[in-house]
Amino acid sequence: MAENERLPNPLVAVLMGSKSDWDVMRQADEMLTRFAIPHECRVLSAHRTPAQTAEYVSGAEARGIQVVIAAAGGAAHLAGVCAAHTILPVLGVPMESASLKGLDSLLSTVQMPAGIPVGTLAIGAPGARNAALLAVAILAAGRPELREKLRRFRAEQSQKVLRETLP
Ligand code: RP5
């Protein structure tokens with residue numbers, strides 16, 4: 001799905017602070033597509049487009065979005081800013097940064113003071129994929145068919161590991 005493409009009635013918003021995050025965040029997009037979750041991907045920045053970020057996230061719940069995934073690098077703090085503007089669950093994905101390898105992103109995303117939570121995933125691609133899987137798990141709570149898909153995904157993953165042979 002192309003970046004910024006809007007599907008009708010998206011359930012998940014995948015936000016990222018810069019187009020430079022897309023190479024990693026496309027993995028969240030692909031995972032959500034694999035589970036047939038309606039979603040939309042947008043570039044919105046906490047510091048470069050602060051007003052538009054606040055406006056988008058403030059209106060997300062009314063548009064039917066149920067989970068927000070927010071990825072950013074450095075000290076950008078997009079996930080925390082998003083969480084400040086919505087009661088929807090916000091999943092933060094720290095992007096790997098050039099200077100500190102994502103440790104800066106991780107700390108600025110994970111170290112939220114009490115009261116406004118951000119569920120923080122791993123730095124980079126594993127975090128992008130797991131954010132999508134966690135969004136699926138959140139949505140699956142009230143959707144038995146999605147729970148079954150998640151169980152099948154886990155079973156296939158197990159089978160793949162068990163089929164591995166070593167040279
Ligand atoms: C953050 O700054 C973005 O999330 C990105 O990871 C990082 C660098 O952005 P660019 O300078 O590449 O646009 O806001």
Side-chain angles (χ1 to χ4, degrees), residues 1-139 153:
M1 186 179 313
E3 183 189 349
N4 287 349
E5 185 180 336
R6 284 195 173 216
L7 283 180
N9 309 317
L11 292 175
V12 179
V14 180
L15 308 182
M16 63 213 80
S18 169
K19 191 170 182 181
S20 65
D21 299 324
W22 178 239
D23 262 356
V24 171
M25 291 312 294
R26 71 164 74 240
Q27 299 192 42
D29 171 57
E30 286 162 6
M31 188 65 82
L32 291 168
T33 300
R34 176 175 180 160
F35 280 88
I37 304 292
H39 64 284
E40 63 187 21
C41 302
R42 295 281 308 269
V43 176
L44 281 170
S45 165
H47 55 292
R48 291 170 179 155
T49 62
Q52 293 84 351
T53 300
E55 187 189 354
Y56 176 90
V57 179
S58 302
E61 189 185 346
R63 291 180 50 230
I65 287 171
Q66 296 186 14
V67 182
V68 175
I69 295 173
H77 192 34
L78 178 63
V81 169
C82 290
H85 290 287
T86 184
I87 60 164
L88 295 173
V90 175
L91 308 179
V93 185
M95 293 291 92
E96 187 169 329
S97 54
S99 41
L100 294 173
K101 297 282 172 218
L103 185 58
D104 44 356
S105 322
L106 174 66
L107 295 179
S108 72
T109 305
V110 77
Q111 284 296 91
M112 284 297 289
I116 306 290
V118 166
T120 304
L121 286 301
I123 296 169
R129 290 166 66 85
N130 277 345
L133 286 169
L134 195 49
V136 171
I138 291 168
L139 295 171
F153 174 86

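When a ligand or atom number is given, it counts from 1 through the structure's own listing order.
Of the N or O atoms in G73, one or more lie within a sub-3.5 Å distance of an N or O in ligand 1.
Judged by the shortest distance from any of its heavy atoms, K19 lies outside the 4.0 Å radius around the atoms of ligand 1.
Atom numbering of ligand 1 starts at 1 in the shown order; those under 4.0 Å from a heavy atom of H47 are 14 (O). The contact set between ligand 1 and G17, taken as ligand atoms under 4.0 Å from a residue heavy atom, comprises 3 (C), 4 (O). Contact atoms of ligand 1 toward A72: 4 (O) (distance under 4.0 Å to a heavy atom of the residue).
The residue from L121, V12, L134, L15 that alone fulfils the side chain to side chain contact (heavy atoms under 4.5 Å, CB included) condition with I69 is V12.
For CZ of R129, the number of neighbouring non-hydrogen atoms (other residues, nucleotides, ligands) closer than 6.0 Å is 12 at most. Heavy atoms of other residues, nucleotides or ligands lying less than 6.0 angstrom from CD of E30 number more than 12.
Proximity of M16 to ligand 1, defined as any heavy-atom pair under 4.0 Å, is not found for any part of the residue. Residue S20 touches ligand 1 through its side chain alone, judged by heavy-atom distances below 4.0 Å.
How far NE2 of H47 is from CG of L78: 9.5 Å, rounded to the nearest 0.5 Å.
At distances below 3.5 Å, at least one donor-acceptor pair connects side-chain atoms of S105 with backbone N or O atoms of G74. In terms of modelled atom types and a separation under 3.5 Å, the side chain of H85 and the main chain of S58 share no donor-acceptor contact.
Here the protein heavy atom with the shortest distance to atom 11 (O) of ligand 1 is R48 NH2, 3.2 Å. Nearest protein heavy-atom neighbour of atom 10 (P) of ligand 1: S18 OG, 3.5 Å.
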Legend entry - Test side chain to side chain contact (heavy atoms under 4.5 Å, CB included) applied to E40 and I65, step by step: CA-CA 10 Å; E40 63 187 21; I65 287 171; 4.0 Å; yes
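Between the choices V24, D21, L78, the shortest heavy-atom distance to atom 3 (C) of ligand 1 belongs to D21.
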